[in-house]
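As structure tokens, the structure follows; a few thoughts come after it.
Indexing begins at 1, ligand by ligand and atom by atom, following the structure's order. The structure displayed is predicted, hence computed values, not measured ones.
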Amino acid sequence: MPIATVNPANGETLRTYEAMGEEEIERRLQLAEATFRTYRTTGFYERAGLMRRAADLLEADRKEIGQVITTEMGKPIKQARAEAAKCAKAMRWYADHAAELLADEEPAEADVKDSGASRALVRYRPLGPVLAVMPWNFPLWQVIRFAAPALMAGNVGLLKHASNVPQTALYLEDLFHRAGFPEGCFQTLLIGSAAVDDILRDERVRAATLTGSEPAGRAVASTAGEMIKKTVLELGGSDPFVVMPSADVDRAAEVAVTARTQNAGQSCIAAKRFIVHTDVYDAFAARFTEAMRALRVGDPMDEDTEVGPLSSEQGVNDLVELVDDAVRGGAAVLCGGERPDGPGWYYPPTVLAGVTREMRIHREEAFGPVATLYRAADLDEAVLIANDSDFGLSSNVWTRDDTDVDRFVRDLEAGGVYVNGMTASHPAFPFGGVKRSGYGRELSGHGIREFCNITTVWHGA
Ligand SMILES: O=CCCC(=O)O
């Protein structure tokens with residue numbers, strides 16, 4: 001895939017970039033290592049000042065960078081600006097909390113004594129240069145939620161961004177540079193996927209984080225495993241959205257639309273499978289379908305657009321194949337389902353009913369605005385359907401019954417259970433999944449500790 005900005009609203013190639021060659025990559029790896037040697041000795045106070053400055057710059061740039069994001073991957077302009085604002089918030093959150101999250105831990109006195117020590121503590125030290133392989137769907141946010149904690153912990157970052165968002169990738173390097181971070185703290189590598197393996201094998205790279213597809217995750221994890229390097233993987237999701245009889249069905253249907261169609265449905269934590277108790281199925285299906293049909297689809301630069309194009313032609317083709325397969329298998333199309341004529345990589349908000357286990361869309365992630373509806377006889381069946389997935393990123397449940405909530409929290413196989421709301425990432429809460437959605441956590445204290453050398457310091461009597 002060429003490294004290029006191609007406008008998804010019309011398919012026009014606006015700018016192409018030459019991939020960095022071996023010499024340039026080597027220069028950047030050397031710089032990362034050299035910078036780490038000194039940057040690791042800086043204190044939280046200094047790093048927090050730099051991070052706050054970067055947050056201020058990003059916030060001031062949000063209109064311009066919003067336009068770049070929308071041009072490169074097609075998300076509605078309002079959502080692009082909101083993404084920039086969310087990044088600034090996370091940067092400030094880590095600037096405010098890193099020192100406390102990574103403060104020395106004091107083991108219990110009885111244990112210190114029992115170990116024969118006069119004193120003992122646990123210190124969180126940085127690991128070194130971390131390679132981040134990141135996707136295009138939230139081209140700022142996915143990077144910042146790695147970079148803010150990693151830099152606050154004293155690591156340095158090397159970014160391999162998706163090939164369709166090169167301008168955003170270069171912007172990020174420039175942002176940290178303008179904020180005053182030492183040169184080499186955060187570098188963008190303009191490279192194709194084929195170059196990742198050698199970089200990951202390089203001894204100067206100490207760890208890797210990847211957000212993206214399962215095959216990409218498998219490739220990075222297997223090389224990292226061979227090289228005994230720490231990885232965090234955030235892969236796909238096919239999150240359930242369960243609606244029980246006690247729920248506020250109108251509100252659930254309204255939120256379901258946003259949960260499915262934000263970012264044109266191209267979000268790992270978008271709700272994708274809507275599992276509705278039979279008592280409220282018809283009411284939910286009617287309201288949800290009506291609201292999906294009413295969404296404003298169009299030019300992502302238009303302030304009123306709710307659903308823009310998908311990021312690539314391949315994305316549309318993949319979705320068409322999934323929907324066609326379901327229809328051939330007997331699914332009913334309640335709205336959408338037809339690829340429109342005309343320029344741009346558009347696909348309409350679509351609702352499918354009567355989806356079965358045999359259909360591809362039941363097993364695979366639909367990365368676009370296509371919702372599948374399931375009817376559940378009771379809570380047990382709802383849990384069964386929800387867990388009948390290789391993925392386990394997050395989940396959404398709608399109920400006013402505390403017993404239901406306890407059961408869902410106990411039984412849903414996912415990294416999150418959002419009750420009477422939709423999954424949304426927040427800097428203070430851990431983010432990540434189980435099963436084939438990956439492992440490790442981003443954000444919160446858990447996220448910042450992933451790339452730390454957790455060091456026991458023991459003093460003899
Ligand atoms: O694609 C997954 C990330 C979405 C988010 O963190 O809001």
Checklist entry - OG of S267 to CD of E365: how many Å apart, nearest 0.5 Å? => result 8.5 Å
Checklist entry - Is any NZ, NE, NH1 or NH2 atom of the basic residue among D96 and R92 found under 4.0 Å from an Asp or Glu carboxylate oxygen of the other? => result no
Checklist entry - With a cut-off of 4.0 Å, which atoms of ligand 1 are near a heavy atom of I269? => result 4 (C), 5 (C), 7 (O)
Item to check | R145 near ligand 1 by a heavy-atom separation under 4.0 Å | outcome: yes
Item to check | Nearest protein heavy atom with distance in Å, relative to atom 6 (O) of ligand 1 | outcome: S425 OG, 2.6 Å
Item to check | Lys/Arg cation over aromatic Y39: R47, 6.0 Å, 45° cone | outcome: yes
Checklist entry - Heavy atom under 4.0 Å from ligand 1: found in T211's side chain, backbone, both, or neither? => result neither
Checklist entry - Considering distance alone, does some N or O of N137 sit under 3.5 Å from an N or O of ligand 1? => result yes
Checklist entry - Is any NZ, NE, NH1 or NH2 atom of the basic residue among R178 and D61 found under 4.0 Å from an Asp or Glu carboxylate oxygen of the other? => result yes
Checklist outcome for this item: Counting from 1 in the order shown, the ligand 1 atoms closer than 4.0 Å to a non-hydrogen atom of W141 are 5 (C), 6 (O), 7 (O)
Next on the checklist: Please list, in number order, the atoms of ligand 1 under 4.0 Å from a heavy atom of F138.
Outcome noted: 1 (O), 4 (C)
Checklist entry - Who's the nearest protein heavy-atom neighbour of atom 1 (O) of ligand 1, and how far? => result C268 SG, 2.5 Å
Checklist outcome for this item: Atoms of ligand 1 under 4.0 Å from any heavy atom of Q142, numbered from 1 in the order shown, are 1 (O), 2 (C), 3 (C)
Checklist entry - Is R81 atom CZ crowded by more than 12 heavy atoms from other residues, nucleotides or ligands, each under 6.0 Å away? => result yes
Next on the checklist: Apply salt bridge (Lys or Arg N to Asp or Glu O under 4.0 Å) to residues R52 and D56 and explain how you reach the verdict.
Outcome noted: CA-CA 6 Å; R52 285 197 192 94; D56 292 347; over 6 Å; no
Checklist entry - Passes side chain to side chain contact (heavy atoms under 4.5 Å, CB included), Q79 versus N263? Steps please. => result CA-CA 7 Å; Q79 293 179 28; N263 211 30; 4.3 Å; yes
Item to check | Contacting atoms of ligand 1, where contact means under 4.0 angstrom from a heavy atom of S267 | outcome: 1 (O), 2 (C), 4 (C)
